[in-house]
Amino acid sequence: MFVVIEMVDTVRTPPWQFQQKLNDAIAEQLNKKLANKVVYNVGLCICLYDITKLEDSFIFPGDGASHTKVHFRYVVFRPFLDEILVGKIKGCSQEGVYVTLGFFDDILIPPESLQQPAKFDDSEQVWVWEYETEEGAHDLYMDQGEDVRFRVVDEAFIDTSPSGPLSSEASPDEKKEAPYTLIVSADPPTPNYSSHEPLP
């Protein structure tokens, strides 16, 4: 679920941090820049793991800050394909079931990847698994807040960096796309919902 990634960046340290140790000041700036941010094709950055190398620092004309090229390792959230995780149902729509891990919300179980047979209840706005038993079918509702075990089947990165000023046709209220989304499956062999069957 979490991996350590080697990265290189030039870090700007403002003058008011010169009284700190250089490593501490750079660590603070790196976490301020990267923590809880998605790096394209890398994943969701969590926190600095360590600094492996500091190159020479420079102060440029007109800027009192120091600029240091830093080699470091960062803890990143990026599950591998077929990894099995447990999250909570955040909500449902016709597009599928949205799942959260608490610190990461952009997880979608598409309708075809739900346990079958499943149907969407428009009145309750939830997906329902029609669970077959010897006594007949039982409707198991995928309610918000319930635990769900799922398997990662795909991931999608979208470059959301600004490309220029908004055009006259663009709406400022237009829904923003998530920079990193996990597409997952709740199909067997990765059931179930903890309120119906306890997780091992």
Side-chain angles (χ1 to χ4, degrees), residues 1-7 33-47 49 73-132 137-163 170-171 173-200:
M1 181 161 66
F2 296 101
V3 294
V4 176
I5 302 292
E6 293 184 357
M7 305 174 81
K33 180 178 182 179
L34 294 174
N36 205 31
K37 305 286 195 311
V38 171
V39 176
Y40 187 68
N41 281 341
V42 173
L44 175 67
C45 294
I46 304 298
C47 65
Y49 185 75
R73 295 188 293 177
Y74 218 87
V75 178
V76 172
F77 170 73
R78 188 177 185 180
F80 56 84
L81 295 184
D82 289 329
E83 183 170 358
I84 296 173
L85 302 172
V86 177
K88 289 187 180 294
I89 295 175
K90 185 181 180 183
C92 297
S93 74
Q94 294 279 6
E95 295 178 352
V97 177
Y98 298 95
V99 180
T100 178
L101 293 175
F103 63 92
F104 184 75
D105 294 341
D106 297 313
I107 303 171
L108 175 65
I109 309 176
E112 64 273 12
S113 296
L114 293 169
Q115 290 173 308
Q116 301 298 325
K119 63 181 180 181
F120 186 70
D121 188 324
D122 286 302
S123 60
E124 298 286 342
Q125 288 294 297
V126 295
W127 281 90
V128 181
W129 176 27
E130 297 175 303
Y131 181 65
E132 295 288 343
H138 293 272
D139 288 346
L140 300 181
Y141 288 79
M142 302 177 197
D143 293 319
Q144 184 176 348
E146 288 190 3
D147 287 354
V148 58
R149 185 191 296 125
F150 56 87
R151 177 171 51 88
V152 179
V153 295
D154 198 8
E155 60 182 5
F157 284 95
I158 297 176
D159 187 357
T160 57
S161 54
S163 56
S171 170
D173 298 326
E174 188 175 345
K175 185 179 178 182
K176 293 183 179 179
E177 292 185 286
Y180 178 43
T181 304
L182 292 177
I183 311 300
V184 302
S185 171
D187 256 342
T190 60
N192 271 332
Y193 308 98
S194 65
S195 58
H196 309 133
E197 180 177 326
L199 295 170

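Residue numbers start at 1 and run along the sequence shown.
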Chemist: State, yes or no, whether a side-chain contact exists between F157 and V38 at a heavy-atom distance under 4.5 Å.
Modeler: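 In contact.
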Chemist: Within this structure, what is the CG-CG distance for the pair L182 and D105, rounded to the nearest 0.5 Å?
Modeler: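 L182 CG to D105 CG: 11.5 Å, rounded to 0.5 Å.
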Chemist: Quick one: does W127's side chain have a donor or acceptor within less than 3.5 Å of a partner on D143's backbone?
Modeler: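 No, W127 side chain to D143 backbone: no donor-acceptor pair under 3.5 Å.
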Chemist: Describe, in one word, how the ring planes of Y180 and F77 are oriented to each other, choosing from parallel (under 30°), tilted (30 to 60°) and perpendicular (over 60°).
Modeler: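 Perpendicular, since the angle between the ring planes exceeds 60°.
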Chemist: With rounding to the nearest 0.5 Å, note down the distance linking CG in D147 to NZ in K88.
Modeler: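 So the CG of D147 and the NZ of K88 are separated by 4.0 Å.
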Chemist: Within the 4.5 Å heavy-atom criterion, are F150 and V97 side-chain neighbours or not?
Modeler: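 No. Closest side-chain heavy atoms not under 4.5 Å.
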Chemist: Compare every heavy atom of V39 with every heavy atom of C45, then report the nearest pair and how far apart it is.
Modeler: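 For C45 versus V39, the nearest heavy atoms are SG-CG2, 3.5 Å.
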Chemist: Rounded to the nearest 0.5 Å, what's the gap from CD on Q144 to OG1 on T100? Could you check?
Modeler: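 One finds 10.5 Å between CD of Q144 and OG1 of T100.
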Chemist: CG of L108 to CG of D154: how many Å apart, nearest 0.5 Å?
Modeler: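 One gets 11.0 Å once the value is rounded to the nearest 0.5 Å.
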Chemist: Take atom NZ of K33 as the centre, draw a 6.0 Å sphere, and report whether it contains more than 12 heavy atoms from other residues, nucleotides or ligands.
Modeler: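 No.
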Chemist: Kindly check if the number of other-residue, nucleotide or ligand heavy atoms within 6.0 Å of CD (E6) is above 12?
Modeler: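 No.
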Chemist: Using a 4.5 Å cut-off on heavy atoms from C-beta on, say whether the side chain of F2 contacts that of V76.
Modeler: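 Not touching, per the 4.5 Å side-chain cut-off.
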Chemist: Working to the nearest 0.5 angstrom, can you tell me the gap between Y98 OH and C92 SG?
Modeler: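 Those atoms lie 9.5 Å apart.
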Chemist: Counting C-beta onward and ignoring hydrogens, is there a side-chain heavy-atom pair between Q125 and F120 closer than 4.5 Å?
Modeler: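 They are in contact (side-chain heavy atoms under 4.5 Å apart), so the answer is yes.
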Chemist: Got M142 and I109 here, is their nearest side-chain heavy-atom distance under 4.5 Å?
Modeler: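 No - every pair of side-chain heavy atoms lies 4.5 Å or more apart.
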Chemist: So, taking the atom named CZ in F103 and the one named CD1 in I46, what distance separates them when rounded to the nearest 0.5 Å?
Modeler: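 Separation between the atoms: 5.5 Å.
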Chemist: Closest approach of Q94 and P111, non-hydrogen atoms and distance?
Modeler: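 Heavy atoms only, the tightest pair is O-CG, 3.6 Å.
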